[in-house]
Structures are given as structure tokens and as C-alpha cells.
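Everything on this sheet refers to the single structure shown next.
Numbers for residues simply follow the sequence, beginning at 1. No hydrogens, no waters, no symmetry mates; every other heavy atom, side chains included, goes into these values.
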Amino acid sequence: MRIGTVRRAPRGVRKSDYARRDFYDAWLPDLAPSQKWVSWALSQPWTDSRWQRYARNYRREMNDPRAARLIELLALLSRHANFSIGCYCEDERRCHRSLLRELLIEKGARFRRGPSAS
């Protein structure tokens, strides 16, 4: 199962076509950074200090009860099923999904790197 953790769904693609067109099988926008932080992240090239600020703010947003419950659910699910977390970023090292992976592991998720993970 592929879980999309993006704030906005792909434009021009019907919800029923997400999986068929190889985007994702389930969409969980509550695990994506807010539009404010996505815009901020895209406004300038990454530096270590900008990444640290982004990471702090993403973690703060994931303390929201809706996101926190989803993180706990996925951590539990990972013990019984395989799934992947994705978004539109090319480089996982500067992407919220690397931070989300850390949060999942902190909650006890079982983690296995896929063939395309860096």
C-alpha cells in the first residue's frame, strides 16, 4: 500500500485514478506540512539552518491530535502490514517524509528501507 502524504492531491487527476496512475493508494493530507511551510520550504534553497527550522515546525504540526493519532495508527499498522510513505519530493533527505519516518520509528514502527530509498 502506498500512502500519499501531500497537502494537495495531483491536479487534474480524479480521486478514483490516483492508484491506477501510480500516485498512491490512500491519501493522508493530515501528515503533510501545512501550506505555509511548503511555501516557505520552496521559497529558497535548503541550508542546514533552514532544514532545522523546517523540521522543528513540521514536528510541531504533527503534534496536532489528528496527525498524532494517524502516526500512532501507522506505527501499529507497520507491525502487521507493509506500506510506503510518499510525496512529490525527489530527495528524501530534504523532505517531510524523512521526518515522518523518524516520528513513526519513535512510536515503535517497524521500518524497512525500500530499494529506491536513499
Side-chain angles (χ1 to χ4, degrees):
M1 177 175 52
R2 298 162 306 161
I3 300 171
T5 60
V6 293
R7 184 63 47 191
R8 295 178 192 254
R11 291 184 182 210
V13 178
R14 289 190 314 236
K15 199 174 195 177
S16 61
D17 289 340
Y18 293 164
R20 184 183 65 78
R21 292 190 52 195
D22 211 23
F23 286 101
Y24 42 75
D25 302 304
W27 180 37
L28 294 179
D30 289 334
L31 296 180
S34 65
Q35 186 58 48
K36 171 186 173 181
W37 287 107
V38 170
S39 296
W40 182 86
L42 296 174
S43 70
Q44 296 177 29
W46 286 116
T47 63
D48 288 341
S49 63
R50 288 188 84 244
W51 176 250
Q52 290 169 1
R53 181 176 177 191
Y54 179 81
R56 277 192 310 272
N57 284 290
Y58 177 75
R59 283 178 165 273
R60 186 176 302 126
E61 288 183 344
M62 292 303 102
N63 284 328
D64 176 86
R66 290 172 298 181
R69 284 190 295 269
L70 286 172
I71 290 169
E72 287 189 33
L73 174 67
L74 290 177
L76 290 169
L77 181 63
S78 74
R79 297 176 192 159
H80 305 284
N82 293 323
F83 59 88
S84 61
I85 302 289
C87 73
Y88 305 130
C89 298
E90 289 183 31
D91 185 357
E92 181 189 1
R93 293 171 296 176
R94 296 291 197 211
C95 174
H96 77 281
R97 71 182 184 269
S98 66
L99 303 170
L100 180 54
R101 181 182 63 237
E102 291 173 5
L103 291 169
L104 288 165
I105 291 170
E106 289 168 13
K107 293 293 182 182
R110 290 192 181 154
F111 172 72
R112 181 177 62 93
R113 253 186 215 282
S116 64
S118 50

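Under 4.0 Å is where a charged nitrogen must lie from a carboxylate oxygen, and between Glu106 and Arg59 at least one such pair does. The existence of a salt bridge linking Arg97 and Asp91 is excluded, since no basic side-chain nitrogen approaches an acidic carboxylate oxygen closer than 4.0 Å.
Relative to the six-membered ring of Trp37, Arg53 misses at least one condition, a distance below 6.0 Å or an angle of at most 45° to the axis.
In the hydrophobic clustering of ILVMFWY residues, with side-chain heavy atoms under 4.5 Å counting as a link, Leu103 and Trp51 come out together. Linking ILVMFWY side-chain heavy atoms closer than 4.5 Å, directly or via other members, places Leu99 and Ile3 in a single hydrophobic cluster. Ile105 and Leu31 sit in two unconnected hydrophobic clusters of ILVMFWY residues. Membership requires side-chain heavy atoms under 4.5 Å apart, directly or through other members. One hydrophobic cluster, built from ILVMFWY side chains closer than 4.5 Å, cannot hold both Leu77 and Phe111; they sit in different ones. Grouping the Ile, Leu, Val, Met, Phe, Trp and Tyr side chains by contacts below 4.5 angstrom, directly or via other members, places Met1 with Leu28.
The nearest pair of heavy atoms linking Glu61 to Ser34 is OE2-OG, 2.5 Å. Between Ala109 and Ser78, the shortest heavy-atom contact is CA-OG, 3.2 Å. Heavy-atom minimum distance, His96 versus Cys87: CE1-CB, 3.6 Å.
In this structure, Tyr54 and Trp46 have perpendicular ring planes: the angle between them is above 60°, well past the 30° mark. Ring geometry for Trp27 against Tyr24 counts as parallel: the plane angle stays under 30°, on a 0 to 90° scale with 60° as the upper cut.
Judged purely by distance below 3.5 Å, without hydrogens or angles, the side chains of Arg60 and Asn63 never pair a donor atom with an acceptor atom. No side-chain donor-acceptor contact under 3.5 Å links Ser98 and Glu102.
Annotation: the span from Leu104 atom CG to Leu70 atom CG amounts to 10.0 Å, rounded to 0.5 Å. How far NZ of Lys107 is from CD of Glu72: 4.5 Å, rounded to the nearest 0.5 Å.
In summary, of the residues considered (Ile85, Leu74, Asp30), a side chain to side chain contact (heavy atoms under 4.5 Å, CB included) with Thr5 occurs for Ile85 alone.
Although no hydrogens or angles enter the test, the distance criterion places a donor-acceptor pair under 3.5 Å between the side chain of Arg50 and the main chain of Trp40.
By the 6.0 Å contact criterion, CD on Gln35 is enclosed, its count of non-hydrogen atoms from other residues, nucleotides or ligands being greater than 12.
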